[in-house]
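This report refers to the structure that appears directly beneath it.
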Amino acid sequence: MALSILCWDHPRCVNPVRAAAAAWERQHGTRITVTARPLAAFNDQPISDIARAADLLFIDHPMVGSVAQEAALIPLDRLLDASVVEALRADSIGGSHDSYCWDGSQWAIAVDAACQVAVVDDSRLDDRDVPRGWDDVLTLARGVPGSVALPLYPSDAILSLLSISADLRSTDEMWAEEAVDVLVELVQLVDPRSFQLNPPGLLDLMSSTSADVPVYAPLLFGYTNYQRPDVRGRRLRFCQPPSAGERPSAVLGGAGLAVSGSSEHADEAAAFAAWMAGADVQQTVVLGNDGQPASRSVWLDPAADEVVGGFFSGTRATIESSYLRPRFPWWPAYQEAAGLRLAEALRRGDKAATIHADLIHALDKARDKEHT
């Protein structure tokens with residue numbers, strides 16, 4: 001018997017999966033092949049396009065509404081004992097496990113946890129100057145040109161706006177006008193390289209030894225790799241993003257491991273997923289091989305926190321109050337299209353009111369199309 005896993009192409013995913021696959025083969029004799037797709041594809045590619053590519057797939061939680069319609073995955077609660085699923089849910093950090101539950105079924109298991117946070121280079125920015133609110137961010141960006149950056153790759157631009165909206169809005173409207181105002185003003189002040197960068201790209205830039213790199217980013221998905229004591233280049237620190245209140249409502253990220261509907265070995269694939277998500281393997285294999293565990297017990301362990309240079313303690317409050325993205329079947333296509341339109345509008349320098357109206361119009365169309 002052999003299994004296959006499709007990752008996304010960053011050491012945070014590939015390295016722990018390869019280590020887990022090797023450990024599983026030693027224990028069970030089952031060979032597991034590991035391949036990877038680009039991060040952009042992980043964000044936007046429909047699961048139906050890749051369902052036949054591997055037995056196990058890493059997916060983003062907003063995809064679960066569409067896969068429930070397409071039967072591209074096998075619900076894990078059909079393959080695993082209920083007590084196993086419940087134990088994983090109980091040990092999951094924040095909303096990581098529950099984010100993959102849709103229409104009464106568990107479509108993936110959280111093995112990687114993340115949310116949008118802020119990042120700072122403490123060697124070049126004093127803690128007293130780290131922004132606490134959005135006005136502080138704008139003040140820093142105006143006062144020290146090039147000091148602030150923000151990933152503005154389309155999928156990241158739209159999710160940052162979603163985080164700012166969740167933090168600032170006073171109604172249940174998805175896109176807050178004041179959030180668009182903040183983003184439009186900030187984009188005019190950030191490092192111009194931001195438009196070409198996703199989170200790993202910006203973190204690579206900030207951690208490099210070049211002199212002309214940003215010292216602060218207010219929103220991007222956190223990566224323990226850049227805060228670990230043995231990191232190459234500048235060591236960065238992740239922290240709570242700017243907020244109008246005590247706790248921000250930053251977007252939840254992370255990755256879940258799902259079983260393909262075309263797998264001929266679904267039971268063993270599910271068993272591997274549950275094993276990799278378990279607290280012991282999360283601690284010894286995932287954390288020890290550049291991974292970012294979804295296990296709450298790992299996040300709370302002082303020894304584990306030391307391994308990642310304080311990443312867990314510095315961002316735990318943020319992930320525990322993180323904002324769960326919509327998972328309706330129409331959302332992934334809307335998110336991709338809205339991200340492209342938003343990034344282009346920001347490049348052109350469109351007015352905030354125009355951008356807000358366009359987002360609302362496209363959102364209404366997406367909702368209406370789903371119900372026709």
Side-chain angles (χ1 to χ4, degrees), residues 39-40 42-46 60-66 99 115-116 133-135 137-138 141 148-190 192 194-199 202 217-221 241-244 248-253 322-372:
L39 178 58
F42 170 81
N43 289 331
D44 298 323
Q45 187 177 24
D60 199 9
H61 69 259
M63 298 290 181
V64 296
S66 59
S99 69
C115 67
Q116 286 195 324
W134 288 103
D135 287 342
V137 177
L138 296 172
V148 177
L150 184 72
L152 291 172
Y153 192 82
S155 57
D156 297 296
I158 197 69
L159 293 185
S160 288
L161 181 58
L162 192 59
S163 285
I164 303 171
S165 291
D167 185 59
L168 295 182
R169 66 186 172 210
S170 56
T171 68
D172 60 358
E173 185 177 50
M174 182 168 294
W175 305 116
E177 290 186 62
E178 55 192 317
V180 182
D181 290 338
V182 168
L183 182 61
V184 167
E185 185 172 358
L186 181 58
V187 165
Q188 296 169 357
L189 302 168
V190 297
S194 295
F195 280 103
Q196 283 76 48
L197 298 172
N198 61 10
L202 177 53
L219 278 173
L220 79 179
F221 288 106
S243 177
S249 295
V251 162
L252 178 68
S322 56
Y323 175 76
L324 185 65
R325 282 172 280 165
R327 295 167 296 163
F328 302 110
W330 53 265
W331 176 261
Y334 169 73
Q335 177 182 294
E336 181 180 13
L340 291 167
R341 292 166 70 97
L342 174 61
E344 185 57 35
L346 293 171
R347 280 181 182 272
R348 287 194 306 262
D350 289 2
K351 293 182 178 179
T354 302
I355 294 175
H356 181 259
D358 181 67
L359 288 169
I360 295 298
H361 177 68
L363 179 63
D364 290 340
K365 285 182 64 176
R367 285 169 167 162
D368 291 344
K369 183 179 180 181
E370 186 71 18
H371 294 94
T372 57

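Summarising the geometry of E178 relative to L168, their closest heavy-atom pair is OE2-O, 2.9 Å, with the distance given to 0.1 Å. Nearest heavy-atom pair across V187 and F195 is CG1-CZ, 3.6 Å. For D167 against S243, the heavy-atom pair with the smallest separation is OD1-OG, 2.8 Å. When all heavy atoms of L159 and Q116 are compared, the pair lying nearest together is O-OE1, 3.4 Å. For the residue pair P218 and P241, the shortest heavy atom distance occurs at O-CB, 3.4 Å. Across all their heavy atoms, S66 and P332 have their closest contact at OG-CG, 4.4 Å.
At distances below 3.5 Å, not a single donor-acceptor pair connects side-chain atoms of S160 with backbone N or O atoms of A157. Judged purely by atom type and a 3.5 angstrom limit, S194 uses its side chain to pair as donor or acceptor with the backbone of L150. With hydrogens and angles ignored, the 3.5 Å screen pairs no side-chain donor or acceptor of D181 with any backbone N or O of A352. In this structure, S249 contributes its side chain and Y323 its backbone to no donor-acceptor pair below 3.5 Å. Remark: side-chain polar atoms of R327 are paired, donor with acceptor, to backbone N or O of S99 under 3.5 angstrom. Side-chain atoms of R169 do not come within 3.5 Å of backbone N or O of W175 as any donor-acceptor pair.
Between N43 and E336 the shortest side-chain heavy-atom distance does not fall below 4.5 Å. Side chains of L162 and M174 form a contact here, defined as non-hydrogen atoms less than 4.5 Å apart. Annotation: side chain of K351 is not in contact with side chain of V184 (no heavy-atom distance under 4.5 Å). The side-chain heavy atoms of L152 and R347, taken from C-beta on, include no pair separated by under 4.5 Å. Contact of the L197 side chain with the D156 side chain is not registered, since no non-hydrogen atoms from C-beta on lie closer than 4.5 Å. With contacts defined as side-chain heavy-atom distances shorter than 4.5 Å, the pair L189/L138 qualifies. Using a 4.5 Å heavy-atom threshold, the side chains of W330 and L363 count as touching.
We find the CG-OG distance between L219 and S163 to be 5.0 Å, quoted to the nearest 0.5 Å. To the nearest 0.5 Å, atom CG of residue L252 and atom CZ of residue F221 are 7.5 Å apart. Note: L342 CG to I158 CD1 = 4.5 Å, rounded to the nearest 0.5 Å. Interatomic distance, R348 CZ to T354 OG1, rounded to the nearest 0.5 Å: 9.5 Å. E344 contributes atom CD, which lies 10.5 Å from atom CD1 of I355 (distance to the nearest 0.5 angstrom). Here NE2 of H356 is found 4.0 Å from CD of E173. Values are rounded to the nearest 0.5 Å.
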> Can you list the steps and then say if L359 with L161 is a side chain to side chain contact (heavy atoms under 4.5 Å, CB included)?
Replying inline: CA-CA 11 Å; L359 288 169; L161 181 58; 3.4 Å; yes

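Other residues, nucleotides and ligands place more than 12 heavy atoms under 6.0 Å from the OH atom of Y334.
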